[in-house]
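Below you'll find the structure, written out as structure tokens, and then a few comments.
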Amino acid sequence: MFKLLETQMIVPNIHLVTLEAPAIASEIRPGQFVIVRAEEEGERIPLSVSDWDREKGTLTIIFMNVGNTTGKLASLRGGQNLPTVVGPLGNATEIEKFGTVLCLGGCYGIGSIFPIARGLKEKENKVITVIEARSSYLCYWEEKLEQVSDRIVSITRDGTKGYRGHVDRLPEIIKSLDEPVDRMIINGCTFLLKKGSDASRPLGIKTVVSLNPIMIDGTGMCGVCRVTVGGSTKFACVDGPDFDGHQVDWAELLQRRRTYMPEEVTSMRTSRCEEHVVKR
Amino acid sequence: MPKQAAEVRRHNFSEVALGYSVEHAVEEARRCLNCKKPKCVLGCPVEIDIPGFIRCIAERDFSSGVSVLKEKNLLPAICGRVCPQEEQCEETCILLKKGGQIAIGRLERFLADWEARQGELEIPKSPAATGKKVAVVGGGPAGLTVAGDLIKLGHQVIIFEALHKMGGVLIYGIPEFRLPKAIVSREVDYLKKLGVEVITDFVVGKTRTVDSLLQEFDAIFIGSGAGLPWFMDIPGENLNGVYSANEYLTRMNLMKGYLFPRFPTPIKEHKRVAVVGGGNVAMDCARTALRLGAEARIIYRRSRQELPAREEEVENAEEEGVIFDFLTLPIRYIGNENGWIKEIECLRMELGEPDSSGRRRPVPIEGSEFILPMDAAICAIGNSPNPLIAASTPGLEVGKRGNIVADEESGKTSRERVWAGGDVVTGAATVILAMGAGRKAARSIHEHLSSL
């Protein structure tokens with residue numbers, strides 16, 4: 001059992017939970033993830049970790065409420081328990097002194113890019129953090145990110161903060177910097193990872209993306225997370241989750257992520273509604 | 001042994017084989033000749049006193065029978081169901097050529113089930129604590145055996161399991177209709193009552209390394225299994241609807257996908273499912289798909305004779321209506337416009353000269369390509385050992401296929417105080433061989449601990 005200490009919705013539909021998991025907190029490094037079950041007999045889902053406190057033995061996870069399990073997770077409160085939190089899984093993001101690194105985060109990835117930016121800053125990189133969101137009211141953790149970044153840039157679809165549009169504005173942003181970008185690291189939804197990689201490809205900037213396919217065990221056992229990278233099949237859980245964004249077969253990944261769409265709808269309709277009806 | 005009728009069982013997930021009645025078991029036990037030099041025992045990887053427990057059944061002293069069985073095997077309800085007795089104890093039975101071997105596995109199951117019906121199990125007195133601490137990595141058959149053997153000798157044992165439930169392949173792999181999960185839980189609970197401590201959701205190699213555990217434990221046994229699924233590396237393998245056997249079975253067994261949406265992990269209800277491979281795992285997948293309402297077929301590149309699955313399982317599959325395409329090799333999965341599998345292209349094969357395994361090598365027949373319409377394919381061609389521990393343990397010798405190298409007799413690895421056994425050493429094999437390896441390792445660990 002893993003005790004939840006704090007849960008809150010930090011911006012609409014994006015939630016933050018802090019929980020006790022001392023063994024994981026003492027080992028985790030930037031870019032690694034955990035597998036979580038929100039209830040007994042519940043589904044296993046992978047979630048990126050946005051922060052940790054090794055002394056207190058806690059993890060902070062930020063996630064978007066998009067389906068059955070994240071919905072359940074969002075409904076829990078401090079003091080309640082999660083039956084499973086297992087990790088740290090996957091390989092850590094490669095962090096060296098690269099020079100100037102652009103960290104791009106969208107939705108939950110605004111949170112999970114934070115420890116990566118922090119790690120890069122500790123290695124004396126110049127860190128440019130780009131926050132991507134639909135609108136200004138969906139941006140969060142800017143103050144936290146400022147502490148580990150040399151500069152923060154926002155892109156919002158509606159232009160209510162920073163640049164208007166999507167990551168196709170990246171080339172302009174990069175041009176406006178005083179120095180060339182040596183590496184780009186992206187965390188967020190698959191669409192953002194793909195768009196960001198598309199934008200950086202013509203600029204010839206090495207781009208590392210943190211993939212988030214469907215997973216079950218997260219230890220290499222089931223193979224559902226397989227992705228094609230550079231023409232060969234990789235397991236995102238044990239070979240990744242970080243890969244070269246210019247080598248990923250995005251069409252395949254997007255299509256594999258849609259495998260259980262109809263079941264997800266069934267799940268939302270049946271289990272959730274019934275539960276509420278019974279309670280009343 | 002009585003079974004559920006094929007027509008009935010192909011629509012449910014309840015256990016297929018129903019087990020012996022008391023009268024039937026006693027009658028079968030009375031056939032045993034009680035050989036002076038019993039060959040059956042030589043065929044048993046965990047050296048059970050087989051004539052001993054059979055004699056107890058014949059005398060209707062079931063309780064003593066259980067004690068005899070449990071001296072050597074802590075998991076009789078499981079072994080009685082999934083051991084390939086026809087290749088082990090029963091193969092060497094003297095009666096094999098004289099009217100039929102004793103059904104040792106079924107009698108073993110009978111005793112274990114009899115004991116379960118008696119209510120609370122008797123917990124043997126704990127031995128004096130030795131103060132020695134052993135970490136067991138992996139809660140599957142090998143790890144459970146090591147834990148059981150060492151706790152009975154007074155050592156402190158903690159099992160670290162990566163998944164959220166104990167049992168390894170017994171929980172995530174073998175389906176309910178072959179091995180009810182309540183039985184696995186019962187056996188695990190028994191170990192806990194003996195004093196074994198269990199920590200789930202803990203991935204050794206990730207949550208903590210072997211080296212870190214060595215600072216706290218006197219010995220470590222690695223039984224992390226063969227957890228990395230093989231694919232054939234043919235076009236279209238990443239289409240939606242193409243699964244590894246591990247994924248398909250894990251969704252079903254560990255996550256209870258067949259009860260979706262009551263249990264939230266989904267599994268698709270496919271109409272036509274092809275399972276590639278001919279082992280027990282392939283049979284499990286095909287029979288599972290069938291129970292979910294699909295037309296299920298096995299695609300196997302050799303002929304029926306070479307099927308590595310147990311004859312009993314093949315017969316069960318045939319009775320239930322699984323279709324077999326022998327001498328057939330998939331060469332390509334073809335997708336529809338949405339990225340879902342719609343067809344499998346296959347080649348017909350013929351048998352040529354024997355290969356290194358002694359079986360005749362299948363050779364493709366030129367120009368024999370044909371197409372099978374299919375909305376799912378399950379790849380059940382095997383697994384390699386999980387790489388997480390080898391990758392995070394410097395100095396641990398690893399073989400060509402990623403298997404941990406361990407001494408066959410003792411289970412000792414290239415690292416001091418580290419033992420290994422089961423599928424992580426041998427590659428995917430059977431439950432009982434993993435238990436046999438666990439038994440040998442436990443003996444060697446005990447020797448080591450006693451010398452400290």
Side-chain angles (χ1 to χ4, degrees), chain A residues 1-2 21 23-24 26-28 32 34-35 37-44 67-69 72 83-90 214 216-228 232-233 235 238 249 251-260 262-264 266-271 274, chain B residues 161-165 169 172-173 199-203 205-209 212 224-231 233 237-251 254-257 259-269 335 338-340 379 383-388 391:
Chain A
M1 284 293 182
F2 298 83
I24 304 174
S26 73
E27 286 294 318
I28 193 163
Q32 289 187 297
V34 291
I35 294 253
R37 283 189 313 141
E39 56 192 323
E40 265 320 318
E41 309 300 349
E43 228 182 338
R44 298 170 64 96
N68 189 341
T69 301
K72 176 74 193 180
T84 291
V85 179
V86 59
L89 300 173
I214 297 171
I216 302 178
D217 62 293
T219 63
M221 192 263 279
C222 82
V224 64
C225 67
R226 57 198 192 277
V227 290
T228 302
S232 62
T233 296
F235 286 8
V238 287
D249 182 339
E252 180 187 278
L253 177 60
L254 286 162
Q255 149 223 312
R256 285 185 66 79
R257 282 184 53 88
R258 281 193 292 268
T259 306
Y260 291 99
E263 285 76 11
E264 192 66 54
T266 307
S267 200
M268 299 284 275
R269 236 184 350 231
T270 53
S271 54
E274 270 170 19
Chain B
E161 164 58 45
L163 291 171
H164 57 270
K165 273 192 193 148
V169 73
Y172 75 74
I199 300 179
T200 51
D201 297 317
F202 196 105
V203 186
K206 285 289 183 188
T207 314
R208 263 179 90 176
T209 59
S212 157
S224 52
L228 200 72
W230 288 339
F231 287 91
D233 205 13
E237 227 160 15
N238 292 348
L239 285 166
N240 289 2
V242 181
Y243 306 84
S244 72
N246 276 356
E247 181 195 349
Y248 193 74
L249 293 174
T250 301
R251 282 183 182 277
L254 176 70
M255 307 308 296
K256 303 234 179 301
L259 299 173
F260 176 85
R262 194 151 65 79
F263 286 66
T265 304
I267 189 138
K268 292 274 176 187
E269 288 184 16
N338 299 321
W340 277 87
C379 197
N383 296 291
S384 20
N386 196 298
L388 289 180

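Here is the naming used below: chain letters follow the sequence lines, and residue numbers restart at 1 for every chain.
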Original post:
Any side-chain heavy atom of K206(B) within less than 4.5 Å of one from V86(A)?
Top reply: no
Original post:
Does F202(B) have any ring pair (Phe, Tyr, Trp, His ring centres under 6.0 Å) partners at least two apart in sequence or in another chain, and if so, which?
Top reply: F160(B)
**OP:** Sort out for me which of G87(A), G42(A), C222(A), G90(A) touches chain B most, counting heavy-atom pairs under 4.5 Å.
**Re:** C222(A)
Original post:
More than 12 foreign heavy atoms under 6.0 Å from CG of N338(B): is that the case here?
Top reply: yes
Subject >> Between L228(B), T265(B), N238(B), L259(B), the one whose heavy-atom pairs under 4.5 Å with chain A are most numerous >> reply: N238(B)
Original post:
Heavy-atom distance under 4.5 Å to chain A: side chain of L388(B), backbone, both or neither?
Top reply: side chain
Subject >> ring pair (Phe, Tyr, Trp, His ring centres under 6.0 Å) involving Y248(B) - partner list, sequence neighbours excluded >> reply: Y243(B)
**OP:** Go through the atoms of E27(A) and report whether side chain, backbone, both or neither lie under 4.5 Å from a heavy atom of chain B.
**Re:** side chain
Subject >> Largest heavy-atom contact set with chain B, pairs under 4.5 Å, which of T233(A), V238(A), I35(A), I24(A) >> reply: T233(A)
Original post:
Hey, which of V242(B), N383(B), I267(B), L254(B) has the most heavy atom pairs under 4.5 Å with chain A?
Top reply: V242(B)
**OP:** Would you check if there is a donor-acceptor pair between the side chains of T250(B) and D217(A) at a distance under 3.5 Å?
**Re:** no
Subject >> Leading residue by heavy atom contact count with chain B [cutoff under 4.5 Å; candidates E43(A), Q32(A), R256(A), M221(A)] >> reply: M221(A)
